[in-house]
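First up is the structure itself, then whatever we jot down about it.
Numbering of residues begins at 1 and proceeds along the displayed sequence. What you see is a predicted model; the values in this text were computed from it and never measured.
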Amino acid sequence: MRKLIGITTILLTLPIMVFLYTQIGSEIHAATQFQTQVKSSIQLTEPSFSSPVVMKDRNGKIFSEEYVEWRKPLEYEDIPFFIQELFIQSEDTDFYEHVGYDLSAIVRAVVSNSSAQQSQQGGSTITQQLVRMRYLTEEKTYERKVTELLYAYELEQVSSKEKILEMYMNEMYFSNQVYGIGAAATYYFQKNLVECTEAEMAFLAAIPNNPSLYNPLKNFNETKLRQELLLDVLAKNGTITQAQANDFKSQKITLKTKQKVQQYPSYSTYVIKELSDLIAEKDGFAERLEKAQDPAMKDLIKAELKSKVDEIVSTGVTIETSLDPLKQQSIDRSFNKKLENTELQASGALIDNKTREIIALYGGKDYRKFDFHRAYQGYRQPGSAIKPLLVYAPFFETTEYSPESQVNGGKYCIGSFCPQNYGGAVYGDVTIKQAFRFSYNTPAVRLLETVGIEQAFGFLNRFQFSEVNSEDHNFPAAIGGFNNGVTSLQMADAYSSFINGQYQPTRAIRSVKNKNGDILYAWDSETQEIWSAETISYMRSMLQDVVDNGTGIGVQGDSSYIGAKTGTTNDFHDFWLAGLTEEYTATVWIGYDQPRDMGDIESEKIHHYLFSELIKR
């Protein structure tokens, strides 16, 4: 009877055995067929991920983050044993024994797939899942499965189990563009992983199995149910007791979702631009661009620079800046309020006199990140605000005259260029100080002629006026007539030379660091003497006189010194105010994006008010 039962069993199982032999034989045949081709193409290179870019203010506090994917990779030693076991026992119990794949699991998957009459995913080890995330696609074909096995085996040959588990846990998808267990802890609980409770860790471990179904922001209850299932698995396998599992299940899970930090867009937008300038300077792109004559070659160099910047940014860097958050917040609020309910726009820049750092920027009314940034992209004619830099300081620097010296304010022509004073007024001999105080035009042209065009521009070219070129070397420049114009940031940068005669290009970035805290880039200190002590004494005195007695009346501040120069362009298209206090150097521009006459609001002195807000301590 027993023999009969045995024979019957064999006969009944024979079709199954034949079927399994056929299916496994098919897998072996496919493996043989693909082995040479796939083996030669296996490239176990480190994948390239886009990591967050973090910006910190002068106090070391994060004020802006740039990322599409939120990642925070951890070392194996920093991943608690408890959560390692959660994944191993739920995904791959034989992880430490197999060679990258589990044959018994594959056989079970073959049977399951065939019964379902379609290719389902199944039988995948942690190593296989890592391979799929890193190197392959999610298509469900036997060919892809064979390739996956070969990759998994090769990965096991070159990596330790610990390294594989580390990579796996850093690359799993946790929904909501969150990758890796370290990032998941900071995103969902705003904690480092080691600070999470066992209940929280198990909750996080529930997500990757099906990131859509177990998205805790949408399907919290489903995620909680899977968390409880995982805890029961640990209890069943003896990692924890059932009592501990029940205790962890009973603990309340409270999400505290991380919000992307996006403060002070006027400043952070400029920082990204300056980062490109910094990399260009340090890696030789700026020098190559300066030497390149062919426009096509310049475009090629610019493309190379952009690729380099993208490469640096994608690695995840921390940019330490000089931002003063209190000043930036105050400027944004006061400027926006003053400009609301109007079509007027404005820009502004504020520099710390002690450090020569940019501490605040105003890119425009209600500015949003990466909009047109008027502080560094808005090139406009500077009007008389350029006179201190191009005319008066060079005049004192190259002659023996003083502010009390005489200059004629009458009509004056050089060739066909016949400038007029404001309102067409004609003056006789006036002091240089008076001509500066009330911004007379004809004296400025006379003084520029005395200095000489090229000598005057020799001073101006030492600053960061990137759009000033040889075509601007003419007498209309004395009263602000430039082809492309200047920006408010460039003006503030140049006016900083009136602090003490020394000039150091102003910067927002202090350093750029990698994930390990190593400095990748930082600006060099480049200080040069521009103006003599006598010239500085004359200029600061005259700038102060403008505020006390001239076109700058209305500017107010709480500093022991305030000096400034106004600027108005033809047809009242632009209003400028540039100057400095003991603490700050600042520039304000107001106007319309599509220039039009602002004569009707000149008496409101809006730019005086905004400048006063800018220089408040």
Side-chain angles (χ1 to χ4, degrees), residues 70 72-98 102 104-105 108-109 112 121-130 161-162 164-176 178-258:
W70 179 245
K72 191 174 183 180
L74 299 177
E75 300 291 332
Y76 174 79
E77 295 76 14
D78 298 324
I79 303 174
F81 176 78
F82 181 81
I83 200 160
Q84 291 182 31
E85 286 299 297
L86 278 166
F87 284 103
I88 290 173
Q89 293 186 31
S90 62
E91 296 290 332
D92 188 359
T93 55
D94 295 324
F95 173 68
Y96 287 104
E97 282 72 46
H98 62 63
D102 187 337
S104 61
R108 290 194 300 271
S112 174
Q121 201 63 56
S124 293
T125 64
I126 282 176
T127 311
Q128 288 174 259
Q129 292 180 50
L130 175 60
K161 289 289 186 180
E162 291 76 14
I164 290 171
L165 187 60
E166 174 194 302
M167 292 186 289
Y168 173 72
M169 299 191 75
N170 279 327
E171 295 176 28
M172 284 184 296
Y173 183 49
F174 284 83
S175 194
N176 298 298
V178 178
Y179 290 83
I181 187 65
T186 56
Y187 184 82
Y188 291 110
F189 296 121
Q190 293 195 41
K191 297 180 182 179
N192 291 322
L193 183 60
V194 294
E195 299 172 322
C196 292
T197 65
E198 286 85 352
E200 290 170 335
M201 290 184 192
F203 186 85
L204 294 175
I207 302 171
N209 182 263
N210 188 330
S212 296
L213 177 61
Y214 300 124
N215 178 353
L217 303 186
K218 295 182 178 180
N219 304 311
F220 182 91
N221 292 336
E222 285 81 356
T223 314
K224 185 69 174 68
L225 288 173
R226 178 160 175 80
Q227 174 230 34
E228 295 176 0
L229 183 151
L230 294 178
L231 290 169
D232 285 338
V233 168
L234 289 190
K236 179 181 178 182
N237 293 337
T239 304
I240 58 176
T241 66
Q242 189 60 54
Q244 287 176 311
N246 293 338
D247 177 44
F248 297 152
K249 286 190 284 187
S250 67
Q251 293 178 20
K252 184 178 180 181
I253 299 295
T254 303
L255 297 178
K256 188 179 180 183
T257 309
K258 170 183 170 52

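One finds the CD atom of Gln227 at 9.0 Å from the NZ atom of Lys249 (value rounded to the nearest 0.5 Å). With rounding to the nearest 0.5 Å, the separation of CG in Leu225 from CG in Leu230 is 11.0 Å. Here CD1 of Ile164 is found 9.5 Å from CD1 of Ile126. Values are rounded to the nearest 0.5 Å. Taking OG of Ser175 as the reference point, atom CG of Asn210 lies at 9.5 Å (rounded to 0.5 Å). For the atom pair CG of Leu204 and OH of Tyr187, the computed distance is 12.5 Å after rounding to the nearest 0.5 Å. To the nearest 0.5 Å, the span separating NZ on Lys161 from CD on Glu166 amounts to 15.0 Å.
Between Thr197 and Phe248 the shortest side-chain heavy-atom distance does not fall below 4.5 Å. Side-chain atoms of Trp70 and Asn176, non-hydrogen and from C-beta on, never get closer than 4.5 Å to each other.
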- Between Lys191 and Glu200, does a side-chain contact (heavy atoms from CB on, under 4.5 Å) hold up when you go through it step by step? CA-CA 10 Å; Lys191 297 180 182 179; Glu200 290 170 335; 3.1 Å; yes
- side-chain contact (heavy atoms from CB on, under 4.5 Å) between Phe82 and Leu234: does it pass, once the steps are laid out? CA-CA 9 Å; Phe82 181 81; Leu234 289 190; 3.6 Å; yes
- Query: Can you check side-chain contact (heavy atoms from CB on, under 4.5 Å) on Ile83 and Met169, steps first, answer last?
  - Reply: CA-CA 10 Å; Ile83 200 160; Met169 299 191 75; 3.8 Å; yes
- Message: Does Asp78 form a side-chain contact (heavy atoms from CB on, under 4.5 Å) with Leu193? I'd like the steps, not just the answer.
- Response: CA-CA 8 Å; Asp78 298 324; Leu193 183 60; over 6 Å; no
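Pairing each heavy atom of Asn170 with each of Pro73, the nearest pair is OD1-CA, 3.4 Å. Summarising the geometry of Tyr96 relative to Gln84, their closest heavy-atom pair is OH-OE1, 4.2 Å, with the distance given to 0.1 Å. Pairing each heavy atom of His98 with each of Asp92, the nearest pair is NE2-OD2, 2.7 Å. The shortest heavy-atom contact between Asn192 and Lys72 is OD1-NZ, 2.9 Å. The heavy-atom pair separating Thr93 from Gln89 by the smallest distance is CG2-O, 3.5 Å. Residue Leu231 comes nearest to Ala245 through the heavy atom pair O-CB, 3.8 Å, listed as atom of the first residue, atom of the second, then distance.
Between the Asn246 side chain and the Gln242 main chain, a donor and an acceptor come within less than 3.5 Å of each other. Panel note: side chain Gln190, backbone Thr257; a donor-acceptor pair is recorded below 3.5 Å. Between the Gln129 side chain and the Tyr168 main chain, no donor and acceptor come within less than 3.5 Å of each other.
The side-chain contact (heavy atoms from CB on, under 4.5 Å) test applied to Lys218 returns Asn215, not counting sequence neighbours. Partners of Phe203 under the ring pair (Phe, Tyr, Trp, His ring centres under 6.0 Å) rule, at least two apart in sequence or in another chain, are Phe220. A search for side-chain contact (heavy atoms from CB on, under 4.5 Å) contacts involving Asn219 returns Glu222, not counting sequence neighbours.
None of Thr254, Ile207, Ile253 except one satisfies the side chain to side chain contact (heavy atoms under 4.5 Å, CB included) rule with Tyr188; the exception is Ile207. Considering Phe87, Tyr214, Tyr179, Tyr173 in turn, Phe87 is the only one that fulfils the side chain to side chain contact (heavy atoms under 4.5 Å, CB included) rule with Pro208.
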